[in-house]
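Remember, it's 1-based here, ligands and their atoms both numbered in the order they're listed. Note that the coordinates shown come from a computational prediction; the quantities given were computed from them, not determined experimentally. Positions are given from 1 along the sequence. Every heavy atom of this structure was used, including side-chain atoms; hydrogens, water molecules and symmetry mates were not.
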Amino acid sequence: MSEVMTSDLLSVAMAAAAEQLESVIDSLIAVPPGPEARVFEAMRYGTLNGGKRLRPFLVLSGARLFDVPDALALRVGAALEMIHSYSLIHDDLPAMDDDDLRRGNPSCHIEFDDATAILAGDGLLTLAFEVLADPATHPDAEIRCTLATSFARAAGAAGMVGGQMIDLEAEKLEATPELITRLENMKTGALISLSCESGAILGDAGADARAILRDFGYDLGLAFQVTDDLLDVEGDEANLGKKVGKDAAAGKATFVSLLGVEGARREARMLVDRAIARLEGFGKDADAFRQMGYFVLERRN
Ligand code: GRG
C-alpha cells in the first residue's frame, strides 16, 4: 500500500516538475523572425515533445537537499534536458540509430529534415552552455564555471559522445559485461550522474556530498539502462513511444543478451539497492532520490 502511495506521490511531483521545466525551456527558446526561425522551431520540437523529464527532476531533488531555490535548479535542469534532447535528435538520424519515432511523435529529422535536425542538436548543445554561463543560473561565477566544466566532461568525448562512439564500434569488439558497463556508464550514466550531482554543485556542498551523489547517479543510470534493455524486449511500443525489439534485430549486445531477462532484472535490483544504500547519511531528505530508484525499476516507458 505504502509503495503505491509513494509511486503516486512521485508521479505527481514529477508531473509538477515537468510542467515548470517546460515553461523554463519555452522561455529560453524564443523563435526569432527571419529564415533562421526554422532551427529554433526544430529545437523547440526536439525539447518540448514530452519525455519523462527524469534528469531535471533529479536536479531539483538534489538542489532541495541543499536549500537551493527551485528557480536555479530548473535552469540547470533545462540545460541538461537540452543536451539530452540533442543526443536523442542526433541518435535518431539515419547515420546513427535511424529511428522515425521519438516520444510517440515523428523524430526531428522526419518532421523537419536531416540537416535541420543536425543544426537543432548543435543549437541545443550550445544553448545549454549559454544558460549555464548566465548569472541567472547562479550568482557565483565559480559555481557557474564548475557547472560548465562538469557538463562538458559528462556530455563530451570522455562521457556521452565517447559512449556513443564505443556503441558504434561495439560490434567489432568482444561483448563482455565490463565493456557494456563502461559504454553505458559513458553514454547514459554520465548525464544521469551529473543530474544527481548538480544540486550539490549549486549548493556548494563540498567534495564528499558531491561524490556520494555522483556515485548514486552512476548506479541509478546503469539500472536505468538495464531496464531500457529489458523494455526493448518486454516493452510496449505504444507506451514507449519508440520501436521495440531493435537491439535483438540488430544483434546488439545488451545486459539482456549477456545476462538473460532474469539476470538483467536481478542486476537492476542490485544496482538500485546499492544506489539507495549510498544515501544513508542524508536521512529522509533524500527520499525523492530513493523513490527514483523504485521508479527506474518499475518504469514502463
Ligand atoms: C548522438 C552524441 C550522441 C549521443 C547519443 C544517449 C544517447 C547517446 C542515445 C540515446 C540512445 C538510447 C535510447 C539510450 C537508452 C537510454 C536513454 C538515454 C533513453 C532515453 O532517455 P529517457 O528514457 O527519454 O529519459 P525521455 O524521452 O523520457 O526524455
Side-chain angles (χ1 to χ4, degrees), residues 11 14-15 17-18 21-22 25 45-59 77-78 80-105 107-109 114 117-118 120-122 124-126 128 151-152 154-170 180 183-196 217-218 220-233 235 237 239-247 250 252 254-256 264 268 292 295-301:
S11 307
M14 283 182 77
L21 185 269
E22 277 155 30
I25 293 182
Y45 183 84
T47 43
L48 294 169
N49 61 343
K52 295 180 287 300
R53 312 308 189 189
L54 173 93
R55 294 156 190 77
F57 184 73
L58 290 168
V59 180
L80 265 160
E81 199 63 14
M82 286 174 192
I83 293 180
H84 168 57
S85 300
Y86 123 72
S87 80
L88 299 179
I89 293 170
H90 282 192
D91 189 59
D92 288 337
L93 284 163
M96 296 226 192
D97 217 25
D98 194 11
D99 232 314
D100 292 357
L101 202 61
R102 172 63 62 186
R103 296 170 171 168
N105 295 306
S107 305
C108 190
H109 68 281
D114 291 4
I118 292 170
D122 296 343
L124 286 170
L125 175 60
T126 35
F151 266 64
M160 183 179 74
V161 166
Q164 179 78 348
M165 188 77 253
I166 300 176
D167 201 0
L168 295 173
E169 293 286 286
I180 305 300
L183 183 175
E184 301 301 357
N185 272 338
M186 290 170 74
K187 192 176 89 161
T188 314
L191 225 51
I192 292 184
S193 174
L194 177 60
S195 309
C196 296
Y218 270 113
L220 187 75
L222 205 54
F224 182 86
Q225 186 58 53
V226 178
T227 55
D228 209 72
D229 293 350
L230 282 162
L231 286 170
D232 192 61
V233 175
E237 186 164 322
N239 260 345
L240 283 167
K242 62 177 185 181
K243 293 203 181 78
V244 292
K246 284 199 73 176
D247 295 339
K252 198 172 161 184
T254 68
F255 286 104
V256 174
M292 285 310 291
F295 169 82
V296 163
L297 283 182
E298 286 154 22
R299 74 195 186 98
R300 289 286 163 267
N301 70 2

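Taking OG of S87 as the start and CG of L124 as the end, the distance is 10.0 Å to the nearest 0.5 Å.
Between R53 and E81, at least one side-chain N (NZ, or NE/NH1/NH2) sits under 4.0 Å from a carboxylate O, which counts as a salt bridge.
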Pairs under 3.5 Å, nitrogen or oxygen of ligand 1 with protein nitrogen or oxygen:
residue	atom	partner	partner atom	Å
ligand 1	21 (O)	R55	NH2	3.4
ligand 1	23 (O)	K52	NZ	2.5
ligand 1	24 (O)	H84	NE2	3.4
ligand 1	25 (O)	R55	NH1	2.7
ligand 1	25 (O)	R55	NH2	3.4
ligand 1	27 (O)	R103	NE	2.8
ligand 1	28 (O)	K52	N	2.9
ligand 1	28 (O)	K52	NZ	2.8
ligand 1	29 (O)	H84	NE2	2.8
ligand 1	29 (O)	R103	NH2	2.7

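At distances below 3.5 Å, not a single donor-acceptor pair connects side-chain atoms of S107 with backbone N or O atoms of H109.
K246 pairs with exactly one of D229, D232, D97 by the salt bridge (charged side-chain N to carboxylate O under 4.0 Å, His left out) rule, that one being D97.
Remark: R102 is not positioned above the aromatic ring of Y45, lacking an NZ or CZ atom under 6.0 angstrom from the ring centre and at most 45 degrees off the axis.
Qualifying side-chain hydrogen bond (donor to acceptor under 3.5 Å, both in side chains) partners for D247, counting only residues two or more places apart in sequence or in other chains: none.
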